[in-house]
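Please read the structure below before turning to the comments.
The model shown is predicted, which means the values in this text are computed figures rather than measured ones.
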Amino acid sequence: MKLYKNKGMRETRSGFGDALLKLGEKNSRIVALCADLTNSLSMTKFSKIFTKRFFQIGISEANMMGIAAGLTIGNYIPFTGTFANFSTARVYDQIRQSIVYSNKNVKICASHSGLSLGEDGATHQSLEDIGMMKMLPGLVVINTCDYNQTYTATLAISKYIGPVYLRFGRPAVPNFTSKNKKFKIGKAILLKKGEDVTIVSTGHLVWESLEAAKILENEGISCEIINIHTIKPLDEKSILKSVSKTKCIVTAEEHNYWGGLGESIARLLSLHNPCLQEIVAVNDTFGESGKPFDLMKKFFLNKESIIKKVKKILKKKKKMY
């Protein structure tokens, strides 16, 4: 299999911050708003250099979304920044009514998503946001896997006309994708071809899927790995093409079992190509306080869990075919 090397541990949120700074230099219509978390969202450089285009709203997330919607009327391209939980659940009404319903060109950028926020615990972790946001008509939902992909995704959404939800994380994780690869909204990335099982993953679980595939390859199991960075619109063609060959699929995400990527794929398969599926996700529970990677292990969001699901589904497949 092609080797994807860890080029160094980097925070996905830093990819967002660096790309936002780049956009500020290139386009005077780019503005940024933050809800009292400038440093946590890596927006500090932008705030210091583009002082007239940065708005510190304070702990007033609903107001931030309303202001962002208003700025689009002046032909600005607003990027909002706060934690995923506060970017979605706290302001769902404002996003629905003021941004998405009116098709405003707002980029809702959410850091500290999933469990890997860590020590701040369940009140700040977000395991429901993908489900909430993909339900809104016409809203693009993106979940990036590393620093480079977050950087290129941030550049890409600035050119897309319409509302976007961009989800990324807090901790430093392996940086393995190419910064030179153009980010295409709605287009999955085939990381590895395989014959026995399709593994579709998003966010921090993409690297874990690659690591799982290495181990499985040594055991004679051929895995096809697909990186789904855009959950909506979903690249249905790539998924269906893969499962038509492998006849089974494992999905992996740092999100609740309900409403996430796995559920979107289950719907796709039920309509077009019913086949075996296993899901790696949080099983209908809130998170808790702890070190990020300890939590990922406890809630079975790692390569070991992916390997178990692959072996489980291959046993079922053997009985069927």
Side-chain angles (χ1 to χ4, degrees), residues 13-113 117 123-124 126 128-130 132-142 144 150 153-168 170 185 232:
R13 56 177 168 159
S14 296
F16 163 70
D18 291 348
L20 182 65
L21 179 63
K22 187 74 173 179
L23 288 171
E25 295 168 350
K26 287 185 174 183
N27 189 343
S28 61
R29 294 187 298 122
I30 299 291
V31 296
L33 303 86
C34 192
D36 201 36
L37 290 167
T38 309
N39 187 56
S40 294
L41 269 289
S42 298
M43 300 172 79
T44 304
K45 291 179 182 178
F46 186 99
S47 70
K48 290 181 177 180
I49 295 174
F50 304 106
T51 55
K52 293 184 178 181
R53 285 192 274 146
F54 178 78
F55 304 93
Q56 177 54 267
I57 309 301
I59 306 174
S60 184
E61 292 86 353
N63 190 33
M64 179 173 69
M65 295 302 172
I67 293 171
L71 284 166
T72 65
I73 298 172
N75 203 32
Y76 289 104
I77 305 172
F79 283 69
T80 68
T82 186
F83 290 179
N85 196 23
F86 309 143
S87 288
T88 57
R90 181 171 288 182
V91 292
Y92 199 69
D93 178 59
Q94 285 72 28
I95 291 172
R96 183 185 188 275
Q97 303 295 84
S98 300
I99 296 175
V100 182
Y101 177 68
S102 304
N103 197 37
K104 293 292 192 294
N105 192 27
V106 176
K107 316 307 172 187
I108 303 165
C109 302
S111 181
H112 294 55
S113 63
L117 166 57
T123 57
H124 285 55
S126 184
E128 314 86 22
D129 55 308
I130 290 175
M132 294 173 64
M133 299 303 267
K134 76 178 186 181
M135 286 287 289
L136 292 172
L139 179 65
V140 171
V141 178
I142 296 172
T144 52
T150 310
T154 304
L155 298 181
I157 66 173
S158 71
K159 298 176 182 178
Y160 175 85
I161 300 174
V164 176
Y165 177 59
L166 175 62
R167 180 189 203 251
F168 44 91
R170 174 194 184 190
I185 295 173
K232 182 187 174 188

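Proximity of R167 to D129: side-chain heavy atoms (C-beta onward) are separated by under 4.5 Å at one or more points. Counting heavy atoms from C-beta on, the side chains of M133 and I108 come closer than 4.5 Å. The side-chain heavy atoms of S158 and I30, taken from C-beta on, include a pair separated by under 4.5 Å. Here the side chains of L136 and Y101 are not in contact, with every heavy-atom distance at 4.5 Å or above. When side chains are defined from C-beta on, I157 counts as touching F79, because their heavy atoms get closer than 4.5 Å. Side chains of L33 and M65 form no contact here, defined as non-hydrogen atoms less than 4.5 Å apart.
With hydrogens and angles disregarded, no donor-acceptor distance shorter than 3.5 Å links the side chain of K134 to the backbone of K232. Of the possible polar contacts, one joining the K107 side chain to the G162 backbone as a donor-acceptor pair under 3.5 Å is found. For the pair T72 (side chain) and A69 (backbone), a donor-acceptor distance under 3.5 Å is present. A donor-acceptor pair is defined here as one N or O able to donate and one able to accept, closer than 3.5 Å; no such pair exists between the side chain of S98 and the backbone of I95. At least one donor-acceptor pair closer than 3.5 Å links the side chain of R13 to the backbone N or O of R170. Remark: side-chain polar atoms of Y165 are not paired, donor with acceptor, to backbone N or O of V140 under 3.5 angstrom. At least one donor-acceptor pair under 3.5 Å links the side chain of N85 to the backbone N or O of T123.
Aromatic ring orientation, F83 versus H112: parallel (interplanar angle below 30°, classes split at 30° and 60°).
Nearest heavy atoms, I185 versus A156: CD1-O, 4.5 Å. Looking at every heavy atom in both residues, S28 comes nearest to Y76 through O-CE2, 4.3 Å. Taking each heavy atom of A62 and V91 in turn, the nearest pair found is N-CG1, 3.3 Å.
Note that CG of L20 and CG of L155 are 10.0 Å apart. Values are rounded to the nearest 0.5 Å.
Under the 3.5 Å distance criterion, with hydrogens and angles disregarded, no donor-acceptor pair is assigned to the side chains of E61 and S87. Looking at N105 and Y160, their side chains never bring a donor and an acceptor atom within 3.5 Å of each other.
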Intermediate values then yes/no, side chain to side chain donor-acceptor pair (under 3.5 Å), Q56 and T38: CA-CA 8 Å; Q56 177 54 267; T38 309; 2.8 Å; yes
Verdict with reasoning, L71 to V106, per side chain to side chain contact (heavy atoms under 4.5 Å, CB included): CA-CA 9 Å; L71 284 166; V106 176; over 6 Å; no
F46 and F50: CA distance, side-chain angles, deciding distance, ring pair (Phe, Tyr, Trp, His ring centres under 6.0 Å) verdict: CA-CA 6 Å; F46 186 99; F50 304 106; 5.0 Å; yes
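The 12-atom threshold is exceeded at CD1 of I49, counting heavy atoms of other residues, nucleotides or ligands nearer than 6.0 Å. More than 12 non-hydrogen atoms from other residues, nucleotides or ligands lie less than 6.0 angstrom from CZ of R53.
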